[in-house]
Structures are given as structure tokens and as C-alpha cells.
Engineer: 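Here's a structure for you.
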Protein chains: 2
Amino acid sequence: MKILVIEDETKVGAFIKRGLEEHHHQVEVYADGIGGQQAALEHDYDLIILDLMLPGINGITLCRNLRALEVGTPILMLTALNATQDIVDGLNAGADDYLAKPFHFSELIARLQALSRRKNQFHQDQAILAFADLQLNTNTKMARRGGQDITLTAKEYALLELLLKNTGKVLSRALISEAVWGLEFDTGTNTIDVYVNYLRNKIEKGFSGEKLIHTVVGMGYVMKQK
Amino acid sequence: MKILVIEDETKVGAFIKRGLEEHHHQVEVYADGIGGQQAALEHDYDLIILDLMLPGINGITLCRNLRALEVGTPILMLTALNATQDIVDGLNAGADDYLAKPFHFSELIARLQALSRRKNQFHQDQAILAFADLQLNTNTKMARRGGQDITLTAKEYALLELLLKNTGKVLSRALISEAVWGLEFDTGTNTIDVYVNYLRNKIEKGFSGEKLIHTVVGMGYVMKQK
DNA sequence: ATATTACTATGAAAATATTGGTTATTGAGG
DNA sequence: CCTCAATAACCAATATTTTCATAGTAATAT
């Protein structure tokens, strides 16, 4: 996920950044509200972590501004302990959740996951990912081709979902490794190739439809037709 | 959605109506409580937006009346800023959420979405949830299969209800944990698995009907047939 | 000809199922 | 108000099942 952190205490900001990066997120930190607001408007983040105590602009105002400008990105507020009024104000200003400082990092991760889950639950418009005569139902986690249901394992599903969300784009092994296995390094193994093979056996072998997962030698794999 | 707005300030009423219509909702506005209450009883709305400061009848009274008359439609109160007592009274009278005036339109939209989400998840005022030959009576909290009554504990009931309200959808342990136990973090225990096992023993073991709760390894559990 | 990718079998590891026991909670009776 | 018993909730261990990662070989592309 791409995450924007607006936090003036540099130590706290660095702590959050480091921790989130260890969880394979992409993080940008702004120490002032003005810069943070600008960034939020210009880029498309998956989550904004916003300290309410900021120099320059009040966090609640910032939050309200973003919502007024139709920025729908989930916002997680950081508040001082027992700042009940801040919490109420913040939620009214359009924030989605809050976390009282000081907090354990695991709490932050938990909130973050809860938020993305909630968001995914609401965004049900993309329940089915389809390409050519292949469909992937993100609710049932089942694939379907030629009227036939196909059961996938967790890794197979993650891989197919990635391919279907990036049809026509060549995905490098490094990118696949990071997205599906959460690894940022090259393991030196052929695990990805093996899983591509598993997928091909399930969604291509025995089906009359054309080949969908194509190898680009030296580059990676693509989901495409022709 | 079909939305009823009860608001005496015509400017505010018009503002809400216009905004909601831009979001493709169907809106009716009543400027007085008596007319609004009448409308709420006669038509079937998806949401009622109710100003607490009304001429003729008090908003809280109106809210209480509707609930007494078995109108289950979600009610979103509009209150003056810092009218804490009103908020408490309103929620006690059966309102589902509140919004302090003045508010940004995006806040209203957010509340509305949150309410409809909550409603879909929890407020299915259908007394009996049924799937295949299994029934769950949400009033008596009893399950029934093959003409035989099954008593459930609180957690078992909550879990079964969740599954039945999301048949066909794979529910992750994280989601189940949040919905049934209210936890946003992973306790590191296998409590969910144990309760799935309890449920299976009660609703599957000893019944001729087919298996209904399916495990999807690495993903979670689903209620489905076949 | 060689680098790269495809395929396959297998043991290891992870995930899940099941069971037994411990701690909480509740409700009746003293 | 307390005690006790019954039930529910929870946890941890072990058993079982499924999935995964590896490595070796075959096939294919450049």
C-alpha cells in the first residue's frame, strides 16, 4: 500500500516509516500540514496517517479540507491519549479511525488492516475480475472458465489476481515475488515459475480457450490474448 | 436509495436534496415533523435524515414514535453543534447515527454509506436466515435443521449468523474475529477454528444434509453448498 | 550452444481439525 | 451477598490434511 504520514515529530515519523516499510508498504512522510495536504491532493494514496497536533494547520481542519475536496482516502488519526473531543471532532471531520499515542506498532498494523478490509468490503463493485473467457470471483475465491468452476490455493489465487489486475502488463519476477510472497529479495529459486505452471494447468490445460498467461523471456509474465 | 429528509430550514433541506440527488438518490423533503412522520409511516424509505429542531413535534419524540411503531429504517439525526444531550437522547430514542450542523456534504455521504453498510451487515430485519435445509431464527437464536431444533451459545450464534449473512463469500479469520469477537488484532490462538468446529458438530454432524461450512485453506471459511 | 523456462515428484512446512483441560461467566439456592 | 454447579469461552497440545518449496530433469527460445 502507498501510505502518506503527516507527523511533525520526526522521531515518530521515522519510526512509523521504518515499521511500515518492513511490512512492505511504500511510505512518504511530511512534517508539516501544508506539505502533507498538498501531497494528499496530488497523489493517490491508499491510506493517510494524520497526527492531529501539527504546526501550521490543524489536523482536523486538514481532514475536513480533504473530504471537502472529495479525497476519499481512508484517514487514520493519531491523537494524544484521552483527547476525546479531538476524536469526536476528527471522526466528524471525516476521519475513519483513530489511534491514541503512544501506541504499539502492532496496533497500527491492525488498524491499517481493518481499514483496508472495511474499504474492500464496501468497494464490492469489483467482485469479479474477468479477462477473455476467464473470471475470478474475489468473494468466493473461485476461478471460472467455460462454465466450469476452478478451485485455487491461496498462492495460486494471489498470483492470478495479480495477473488479472495487470492484464497486458509484463510483470517481472521481482514484482510478482513481492506482491504474492511479500519478499523483496530474489530467493534464487524457481518458485514463481512453478506457480505459473500450476496456474496454467488449472486455467488453460483442458480448456478450448486460448492461452492467457504468456512468458516474456528474460522479463516475466503477462496476462494477454493473441 | 430512497431517502426521507425532515428538516424545517428550507435552505438546508434544499441543499441536502440537491446533493443527494447528485449522488443518484431519490429524495423527499418535509419541513414539518407531523408531515414527515406521516410519510415515514406510509412509505418504505431506506434512510431517514431527521433534524432534531423541528416545529410542531420534537425530533426525538418523532424518532421514538417511529421505533415504537416498528419502523426499522435507519435514522440519521442532524443536531446543533455540541448538543451532547440531544445526541444521547436521540441515540436512546432509536436513531442510528448523528451529524452535527454545520457539516460538509462529504461527511453526510460518508455517514450514509456507513449506515447502509451497517444495515446490510447487521440490520437484515428478516427474522429467519435460511440456507439449504438450515434455518437460523434471529429472534429465538435457535437453529434448525431437518426439523430438529439446535441450541447455540452466543458465540456460536454470532458466527453462524455472520456466515449465513455472507453465504458464498469466503470470510477471512481477521474479518470473523472482528465481527464476532470485536478484535482487530490476531490473538495468536485458534479460537475461531475451535468455534467453527463446535458449529460443525452442532449443525452438520448427525445430519443427512450436506456439508455447509467449507474451509478454504489459507483464506478462511465459507458457507456454501456442494 | 547456452540460457532460460517448463514440468514433476517428494519431503518439509504450514494450516487446519480435534480433543482435553483450564478459566470465566451465569444463575439458582442458601 | 455469597457459594456452588453448570455452562460457555478459551487455550494449548496433538493429529491430520493440505499446500508449498526445492531440486532435478526436460523442453524451448535466443
Side-chain angles (χ1 to χ4, degrees), chain A residues 141-143 150-163 170-207 211-224 226, chain B residues 140-143 149-163 170-206 211-224:
Chain A
K141 312 290 183 195
M142 298 266 279
I150 303 164
T151 307
L152 302 169
T153 71
K155 289 276 190 285
E156 288 164 359
Y157 172 83
L159 177 56
L160 183 54
E161 186 184 33
L162 180 69
L163 287 166
V170 177
L171 303 175
S172 71
R173 286 184 173 71
L175 193 147
I176 293 172
S177 173
E178 192 176 340
V180 177
W181 280 267
L183 304 171
E184 283 172 357
F185 50 91
D186 182 12
T187 57
T189 68
N190 67 341
T191 304
I192 292 172
D193 302 43
V194 170
Y195 276 82
V196 169
N197 188 237
Y198 287 163
L199 259 191
R200 283 177 169 154
N201 284 338
K202 288 198 177 178
I203 68 171
E204 291 181 345
K205 199 169 272 184
F207 288 96
K211 185 175 165 161
L212 296 176
I213 303 175
H214 297 258
T215 304
V216 184
V217 177
M219 301 266 173
Y221 296 96
V222 215
M223 164 89 35
K224 67 168 184 179
K226 194 196 60 128
Chain B
T140 63
K141 312 290 182 197
M142 296 269 281
D149 281 327
I150 303 164
T151 310
L152 301 170
T153 70
K155 295 287 184 222
E156 288 165 358
Y157 172 83
L159 177 57
L160 183 55
E161 185 186 32
L162 180 69
L163 286 166
V170 176
L171 304 176
S172 70
R173 286 183 173 71
L175 193 145
I176 293 172
S177 173
E178 199 179 322
V180 177
W181 279 266
L183 303 173
E184 283 181 357
F185 53 91
D186 182 11
T187 58
T189 69
N190 68 340
T191 305
I192 292 172
D193 302 43
V194 171
Y195 274 83
V196 168
N197 191 235
Y198 288 164
L199 259 189
R200 282 177 170 155
N201 285 337
K202 287 197 177 179
I203 68 170
E204 291 181 345
K205 199 168 272 183
K211 182 175 168 161
L212 296 175
I213 304 175
H214 297 256
T215 304
V216 184
V217 177
M219 304 206 166
Y221 296 96
V222 214
M223 164 92 31
K224 67 169 183 178

Engineer: What do the steps show when you test Ile150(B) against Met142(B) for side chain to side chain contact (heavy atoms under 4.5 Å, CB included), and what is the final call?
Structural biologist: CA-CA 6 Å; Ile150(B) 303 164; Met142(B) 296 269 281; over 6 Å; no
Engineer: Give the rounded distance in Å between these two atoms: CG of Asn197(A) and C1' of dT4(C).
Structural biologist: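 Atom CG in Asn197(A) sits about 15 Å away from atom C1' in dT4(C).
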Engineer: Return no unless some side-chain N or O of Tyr157(B) is found under 4.0 Å from OP1 or OP2 of dA8(D).
Structural biologist: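 Tyr157(B) to dA8(D) OP1/OP2: no side-chain N or O under 4.0 Å.
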Engineer: For a 4.5 angstrom cut-off between non-hydrogen side-chain atoms, does Val180(A) reach Tyr195(A)?
Structural biologist: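 They are not in contact (no side-chain heavy atoms under 4.5 Å apart), so the answer is no.
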Engineer: I'd like to check the ring pair (Phe, Tyr, Trp, His ring centres under 6.0 Å) partners of Phe207(A); sequence neighbours left out, ordered by chain and number.
Structural biologist: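 With sequence neighbours excluded, Phe207(A) shows a ring pair (Phe, Tyr, Trp, His ring centres under 6.0 Å) to no residue whatsoever.
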Engineer: Within this structure, what is the CG-to-P distance between Leu199(B) and dT16(C), rounded to whole angstrom?
Structural biologist: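 So the two atoms are 17 Å apart, to the nearest Å.
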Engineer: Rounded to whole angstroms, how far apart are NZ on Lys211(B) and C1' on dA17(C)?
Structural biologist: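 Nearest whole value for this atom pair: 10 Å.
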Engineer: What residues, two or more places apart in sequence or in another chain, satisfy side-chain contact (heavy atoms from CB on, under 4.5 Å) together with Val170(B)?
Structural biologist: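 Lys141(A), Val216(B), Met219(B), Val222(B).
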Engineer: Look for any protein N or O under 3.5 Å of an N or O in nucleotides 20-24 of chain D and output each such pair with its distance, or none.
Structural biologist:
unit_1: dC20(D); atom_1: OP1; unit_2: Lys155(A); atom_2: N; d: 3.2
unit_1: dC20(D); atom_1: OP2; unit_2: Thr153(A); atom_2: OG1; d: 2.7
unit_1: dC20(D); atom_1: O5'; unit_2: Tyr195(A); atom_2: OH; d: 3.2
unit_1: dA21(D); atom_1: OP1; unit_2: Trp181(A); atom_2: NE1; d: 3.4
unit_1: dA21(D); atom_1: OP2; unit_2: Trp181(A); atom_2: NE1; d: 2.9
unit_1: dA21(D); atom_1: N6; unit_2: Tyr198(A); atom_2: OH; d: 3.0
unit_1: dT22(D); atom_1: OP2; unit_2: Thr191(A); atom_2: OG1; d: 3.4
unit_1: dA23(D); atom_1: N6; unit_2: Asn190(A); atom_2: ND2; d: 3.3
unit_1: dG24(D); atom_1: O6; unit_2: Asn190(A); atom_2: ND2; d: 3.3

Engineer: Atom CE of Met219(A) and atom P of dA29(D): how far apart are they, to the nearest Å?
Structural biologist: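 Computing the Met219(A):CE to dA29(D):P distance gives 17 Å.
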Engineer: Tabulated below should be each protein N or O lying under 3.5 Å from an N or O of nucleotides 25-28 of chain D; please produce it.
Structural biologist:
none

Engineer: Quick one: pull up OH in Tyr221(B) and CD1 in Ile176(B) and give me the separation to the nearest 0.5 Å.
Structural biologist: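 Output value for this atom pair is 7.5 Å.
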Engineer: With heavy atoms under 4.0 Å as the rule, sort Asp193(A) into base, sugar-phosphate or nothing.
Structural biologist: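 Sugar-phosphate: the residue Asp193(A), judged by heavy atoms under 4.0 Å, touches backbone atoms but no base.
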Engineer: How would you list, by chain and number, every residue that makes a side-chain hydrogen bond (donor to acceptor under 3.5 Å, both in side chains) with Asn190(B), sequence neighbours excluded?
Structural biologist: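 Not a single residue meets the side-chain hydrogen bond (donor to acceptor under 3.5 Å, both in side chains) criterion with Asn190(B).
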Engineer: Quick one: does Lys224(A)'s side chain get under 4.5 Å of Leu212(A)'s, heavy atoms only?
Structural biologist: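 Sidechains of Leu212(A) and Lys224(A): no contact.
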Engineer: Please state how far atom CG in Asn201(B) lies from atom C1' in dT19(C), giving the value in whole angstrom units.
Structural biologist: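 Taking atom C1' of dT19(C) as the reference, CG of Asn201(B) is at 11 Å.
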Engineer: Over its full length, what angle do the end axes of the helix from dA1(C)-dT30(D) to dG30(C)-dC1(D) make, each axis taken from five pairs and the result rounded to 10 degrees?
Structural biologist: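 Rounded value for the end-axis angle: 40°.
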Engineer: Tabulate below the donor-acceptor pairs under 3.5 Å that side-chain atoms of residues 151-159 of chain A make, not counting sequence neighbours, or state none.
Structural biologist:
unit_1: Thr153(A); atom_1: OG1; unit_2: Glu156(A); atom_2: N; d: 3.4
unit_1: Glu156(A); atom_1: OE1; unit_2: Thr153(A); atom_2: N; d: 2.9
unit_1: Glu156(A); atom_1: OE1; unit_2: Lys202(A); atom_2: NZ; d: 2.8

Engineer: side-chain hydrogen bond (donor to acceptor under 3.5 Å, both in side chains) with Asn201(A): which residues, sequence neighbours excluded?
Structural biologist: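 Listed in chain order: Lys205(A).
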Engineer: Could you state the atom-to-atom distance from CD1 of Ile192(B) to P of dT16(C) in whole Å?
Structural biologist: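 Those two atoms, CD1 and P, are 10 Å apart.
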Engineer: Round to a whole Å and report the spacing from CG of Leu159(B) to P of dC10(D).
Structural biologist: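 Leu159(B) atom CG is separated from dC10(D) atom P by 12 Å.
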Engineer: Among residues at least two apart in sequence or on other chains, which ones pass salt bridge (Lys or Arg N to Asp or Glu O under 4.0 Å) with Arg200(B)?
Structural biologist: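 Result, salt bridge (Lys or Arg N to Asp or Glu O under 4.0 Å) vs Arg200(B): none returned.
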Engineer: On DNA chain D, check which nucleotide each of Val217(A) and Leu152(B) is closest to and give me the residue with the more 5' one.
Structural biologist: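 Residue closer to the 5' terminus by nearest nucleotide: Leu152(B).
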Engineer: Look up atom OG1 in Thr215(A) and atom CG in Asp193(A), then write down how far apart they are to the nearest 0.5 Å.
Structural biologist: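 Reported value, rounded in 0.5 Å steps: 8.0 Å.
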Engineer: Would you say Arg173(A) places a side-chain N or O within less than 4.0 Å of OP1 or OP2 belonging to dT4(C)?
Structural biologist: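 For dT4(C), neither OP1 nor OP2 has a side-chain N or O of Arg173(A) closer than 4.0 Å.
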Engineer: Would you please name every residue forming a side-chain contact (heavy atoms from CB on, under 4.5 Å) with Leu175(A), sequence neighbours left out?
Structural biologist: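 Only Leu162(A), Leu171(A), Ser172(A) meet the side-chain contact (heavy atoms from CB on, under 4.5 Å) criterion with Leu175(A).
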Engineer: Just how far, in rounded Å, is P of dT18(D) from NE2 of His214(B)?
Structural biologist: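 One finds 14 Å between P of dT18(D) and NE2 of His214(B), rounded.
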